[in-house]
Asker: 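Structure incoming, see below.
Every chain is numbered from 1, with letters handed out A, B, ... down the list of sequences. Everything quoted here is computed from the prediction, not taken from an experiment.
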Amino acid sequence: MERNQMQMHRQIATIRKSLFDQGYLDEQFVQLEELQDNSNPNFVEEVVTLFYRDSARFLYNLDQALEKRPLDFSRLDSLMHQFKGSSSSIGAKKVKIECTHFRDYCNARNTEGCKRTFQHVKKEYTTLKKKLEAYFQMSRQAGPIETACRPR
Amino acid sequence: MNLGGGQVVNKQSVMPSSSGASWKSTAAGGSGGGGGGDGGVPDQFPAGLRVLVVDDDPTCLMILEKMLRNCNYEVTKCNRAEVALSFLRENKNGFDVVISDVHMPDMDGFKLLEHIGIEMDLPTILLDCRVRKAYFLMIEFTVMSADDSKSVVMKGVTHGACDYLIKPVRIEALRNIWQHVVRKRKHEWKDFEPSASADEQKPPEEPDYSSSANEGHNWKNTKRRKDEDDEGEDRDDSSSLKKPRVVWSVELHQQFVAAVNQLGIDKAVPKKILELMNVPGLTRENVASHLQKYRLYLRRLSGSQHPGGMNASFMGGPDAGYGSISSLNGLDLQALAASGQLGQLPPQSLATLQAAALGRSTNSKSPISAPVIDQRNIFSFENPKSRYTEVQSQHLTNSSSSKQMNLLPGIPTNMEPKQFVSLQHQSGQHSFGSINNQVLIQMGGQSQSQSHSHSHSHSQGQSNTNPHHGLRPPVLSSEMLTRGGVVDMATTVYNPVVSQASSLVDFSMNHKNDSSGSSYPLGGSLGIPNLASATPTPLQGDGNLDTKVPRRGIVSSYDIFNDINPSGIREWGLQDVGMTFDSAQHTMQGGSGPVLLQHNRSSEREMGGQNRNSTSGKAIFSPGVETGSHRNVGQQRNSYVAENSLRVKAEDGSSHNNTLYPEQYGDDLLAAILKQ
């Protein structure tokens, strides 16, 4: 049992590290982890959950806005700006990068570019969501020890 | 606003009772660094600092709340600006700091900032004998945004924000926000205390501050001072000896500056200024004390080479425009600093800030150039004209270091708006950066006035240069100039900045990186990334420099700098500015001679009296980077030591503190320069 748990923790640590190494998460995520404590033992997961729930509306609005012709670039930019801010607050690195590309295309008023990069944004957003869900699930299974000795 | 004048002054100073109480208890409990004892650790900021957080993004709100809670602050959150305003209205003394997002659906963060500045600036709000409280509210308004464009940061600064933090916010940045409060209080207390009692009480504090080596002490001292003030004020009130405190709002300060410019800094006497201003209820004493502060501010900016002369030179000519910047003692600086704080913002922001501050009055480069020249003269003994030309022609080369001279280490970057502008143009950007950082914090109370002026200058400056790009490079150059430039000039004294870029970069790196790295993600990143990039497009950071704010004034200065300092350096400059906060602290350690002096000054200041600046993290100018607030840009060294909080806070009246120290530094600089 003990060994299994340790193994799980190691596994979780590996997964976590890979998320950083592969550029899915950045330093901000670490900030969230540091905020987690005994009074908020599931803080990170709560925040991420909240993010995914709340940011869905941005993606929806962006989808809608991208359907219009001609594109309202300033609105798109504004929406994406907010979405980007939200994403960066949880450390969603790749998502943030794609958001930046999107905004660049917006500023250049490039319709195709916007639509293309928006697909990238959604893709990264969904990919990260899956990875984090798996990560949190494992963390919960492994137990609190994991958080206590979270490797950096 | 009068505290005592005709109003029932709430003896129970809000501070002491409400906010004060929390402070006191903290102090007593030793929770805060200051309160606990002499060994006050900055981290042990008085717990219970009441923060109001406004952000429409629930994710960010949740994170911020948790971060602030971890700092032992009392957090109230709301997701709508209107709600926040009603909170503030209902509890006038209920909050010490407001942190608000910029991009909100119902109300722009800047608008909210203005509302708070205006609305809370009511006599009745000043329950606390510390008039500053109202100011603090205004000033200690941290604006957060994922938009790291300089223009936005500048806007934040000019609107009276104490600090400008760029999202995502790091907890380190938030830890230092209390320093803004402290700074502001100290600043305001000094700035706005026309009554004798205040003055009497001030001196004791100074020694305390200067003696205390750490922020904790400062905090404590401030607190003690406040307590003393309260007592003193109470006594005064009862005896009606206390004069009503005048709040130097942005408009008022602009009027003041305009009057001073009109008269000429050398000839500006309180009586005449009073007549020109024609503001009912304003007394000659008010003007006199404000003028003194203003002079000190200018003096600091100019490196105290010519305490009076400098001002004159700067003020002359185009000065008219600058006045608006209203950086009385540090407000401008603060604003600048604030903008600088954003430090994360690319040099551009700093430059912008500077430009804004300086160039507020001037819409065109020319006006600025004039002051710039003057400044240069003062600083570098070089032929100002030549420099000016250089600047103008944007052929500034390192030789234009003369320009940099203006920025001079001695000059508290924020210098007068005019000076600032000129400085910016020349090297102002540099100085701005370094000095500004500190200034930002000071802006606190004055931020309001400054914000106006800043906005003016801001717009002016910005229009000239490319919104983002333009700004960036200049900023760096300014930074460089300040650092490097000064260095070059005062090679003897300062580290010769042969390779400006390199040295500057290094310098800034030291400052910025050190400070920024830790606390403010933004701040740090700016400094470092920008430096590293040392490319003409530094500060781009995320390239989010929105050209929202017309940065005419600054832009131009940036351009100049660009020419002068090929990338790299410029960025550095900017970074420094923003990082002022951090850099201030760091400056002591690093930086070339002159630069060191400056920084040292600030840092010393900070150390000594816990200058108000300390908290503001570096401004978050850094594009994209999570830079801290560059607040420091403002006045004198308001170094936001707070490492990272990009909060654009109006740097507190570090000017006060600065005044204390400027003399020392000024002389040093003067000596350094003379050696050349």
Asker: For the atom pair CZ (Arg53(A)) and OG1 (Thr59(B)), what is the distance rounded to the nearest 0.5 Å?
Answerer: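 Going from the CZ atom of Arg53(A) to the OG1 atom of Thr59(B) covers 9.0 Å.
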
Asker: Is it true that Asp37(A) and Arg69(B) make a salt bridge, defined as a side-chain N closer than 4.0 Å to a carboxylate O?
Answerer: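 So Asp37(A) does not pair with Arg69(B) through a salt bridge.
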
Asker: For the OG1 atom of Thr49(A) and the CE atom of Met62(B), what is their distance to the nearest 0.5 Å?
Answerer: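 That separation rounds to 8.5 Å.
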
Asker: Heavy atoms, side chains only, cut-off 4.5 Å: are Asp56(B) and Gln82(A) in contact?
Answerer: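 Contact flag for Asp56(B)/Gln82(A) side chains = yes.
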
Asker: Begin from the C-alpha positions of Gln31(A) and Met67(B) and carry the test side-chain contact (heavy atoms from CB on, under 4.5 Å) through to its verdict.
Answerer: CA-CA 9 Å; Gln31(A) 288 269 310; Met67(B) 280 183 175; 3.5 Å; yes

Asker: How close do Glu34(A) and Asn70(B) get, counting heavy atoms only, and between which atoms?
Answerer: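 Scanning both residues completely, I find the closest heavy atoms to be O-ND2, 4.3 Å.
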
Asker: Please flag which part of Ser39(A) lies under 4.5 Å from any non-hydrogen atom of chain B: side chain, backbone, both or neither.
Answerer: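 The answer is the side chain of Ser39(A).
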
Asker: Can you establish whether the number of heavy atoms outside Asp21(A) located under 6.0 Å from its atom CG is more than 12?
Answerer: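 Result for CG/Asp21(A): enclosed.
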
Asker: Decide whether Ser86(A) and Asp57(B) meet the rule of one side-chain donor and one side-chain acceptor closer than 3.5 Å.
Answerer: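 Their side chains do contain a donor-acceptor pair, which is all the 3.5 Å distance test asks for.
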
